[in-house]
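A short worksheet on the structure shown next.
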Amino acid sequence: AQSVAQPEDQVNVAEGNPLTVKCTYSVSGNPYLFWYVQYPNRGLQFLLKYITGDNLVKGSYGFEAEFNKSQTSFHLKKPSALVSDSALYFCAVRNPNAGGTSYGKLTFGQGTILTVHP
Amino acid sequence: EAQVTQNPRYLITVTGKKLTVTCSQNMNHEYMSWYRQDPGLGLRQIYYSMNVEVTDKGDVPEGYKVSRKEKRNFPLILESPSPNQTSLYFCASSILAGGLESEQYFGPGTRLTVT
């Protein structure tokens with residue numbers, strides 16, 4: 001079975017400081033990994049993904065994430081946080097090698113609330 | 001405009017009264033999926049569909065049904081809703097190519113309250 005853990009329910013940072021939102025996963029084989037963001041009273045939006053290749057992936061709004069296979073992690077980062085980055089962030093994992101149509105399963109973490117203070 | 005639409009956006013109902021939440025996408029996506037969002041539990045997948053007439057259970061399928069008779073539509077059916085199905089529901093779609101390496105596009109959500 002596949003799973004995702006976001007160990008921090010909440011992350012608080014000051015504007016202008018770097019931010020990290022942590023994600024670890026469990027899946028057999030090589031995963032597809034995704035980050036989504038949910039702004040208050042809005043739907044979910046895609047931020048970035050890791051499929052293969054370079055372990056550092058860049059996404060929307062200046063966010064990036066580093067895939068670390070040995071630590072089974074995919075932490076979301078941004079060098080300089082903005083107040084407008086305050087939102088709920090979800091990490092998700094898919095197993096592209098799952099048998100049959102099971103690769104259609106997408107498992108999300110419980111989410112991390114990011115608050116950026118002015 | 002490319003989008004995923006859900007109806008209704010808000011619904012308050014009573015235990016046992018059958019309801020359907022519709023989901024439609026205009027992007028010709030093969031893959032569609034339903035999730036529920038609950039505080040502290042994140043998003044949990046209910047059902048997904050790889051294409052017309054192909055549906056599979058996600059992690060929390062109990063109490064739900066789906067059908068995929070047309071590519072663009074993927075309704076979620078609650079035959080006998082119970083209060084523990086009170087939640088925020090999201091529909092999503094994506095293309096199937098590359099083993100579903102593409103991101104999903106989410107609908108605006110349906111807030112369901114079962115009393």
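In what follows, chains are A, B, ... by sequence order, proteins preceding strands, each numbered from 1.
When B/Glu103, B/Lys57, B/Met50 are compared by the number of non-hydrogen pairs under 4.5 Å with chain A, B/Glu103 comes out ahead. Options A/Gln45, A/Lys49, A/Arg94 differ in how many heavy-atom pairs under 4.5 Å they form with chain B, and the most are formed by A/Arg94. When the candidates B/Leu96, B/Asp56, B/Leu88 are compared by the number of heavy-atom contacts under 4.5 Å with chain A, B/Asp56 comes out ahead.
Ionic pairing of A/Glu64 and A/Lys58 is present here: one or more N-O contacts between side-chain nitrogen and carboxylate oxygen are shorter than 4.0 angstrom.
Proximity to chain B involves both the backbone and the side chain of A/Leu44, based on heavy atoms less than 4.5 angstrom apart. Proximity to chain B involves both the backbone and the side chain of A/Tyr103, based on heavy atoms less than 4.5 angstrom apart. In this structure, the portion of A/Leu88 lying under 4.5 Å from any heavy atom of chain B is its side chain and not its backbone. With a 4.5 angstrom heavy-atom cutoff, B/Gln37 touches chain A only via side-chain atoms. When heavy atoms are compared at a cutoff of 4.5 Å, B/Leu43 approaches chain A by way of both its backbone and its side chain. For A/Gln6, no part lies under 4.5 angstrom from a heavy atom of chain B.
A donor-acceptor pair shorter than 3.5 Å can be found between the side chains of A/Asn30 and A/Lys69. Under 3.5 Å, the side chains of A/Thr112 and A/Glu8 contain no donor-acceptor pair of N or O atoms. With no hydrogens or angles considered, a side-chain donor-acceptor pair links B/Arg36 and B/Tyr64 at under 3.5 Å.
Taking the six-membered ring where the residue is Trp, the centroids of B/Phe106 and B/Tyr35 are separated by under 6.0 Å. Centroid-to-centroid, the aromatic rings of B/Tyr105 and B/Tyr31 stay 6.0 Å apart or farther.
Cluster annotation: A/Phe90 and A/Val27 are assigned to distinct hydrophobic clusters (Ile/Leu/Val/Met/Phe/Trp/Tyr, side-chain heavy-atom contacts under 4.5 Å, transitive).
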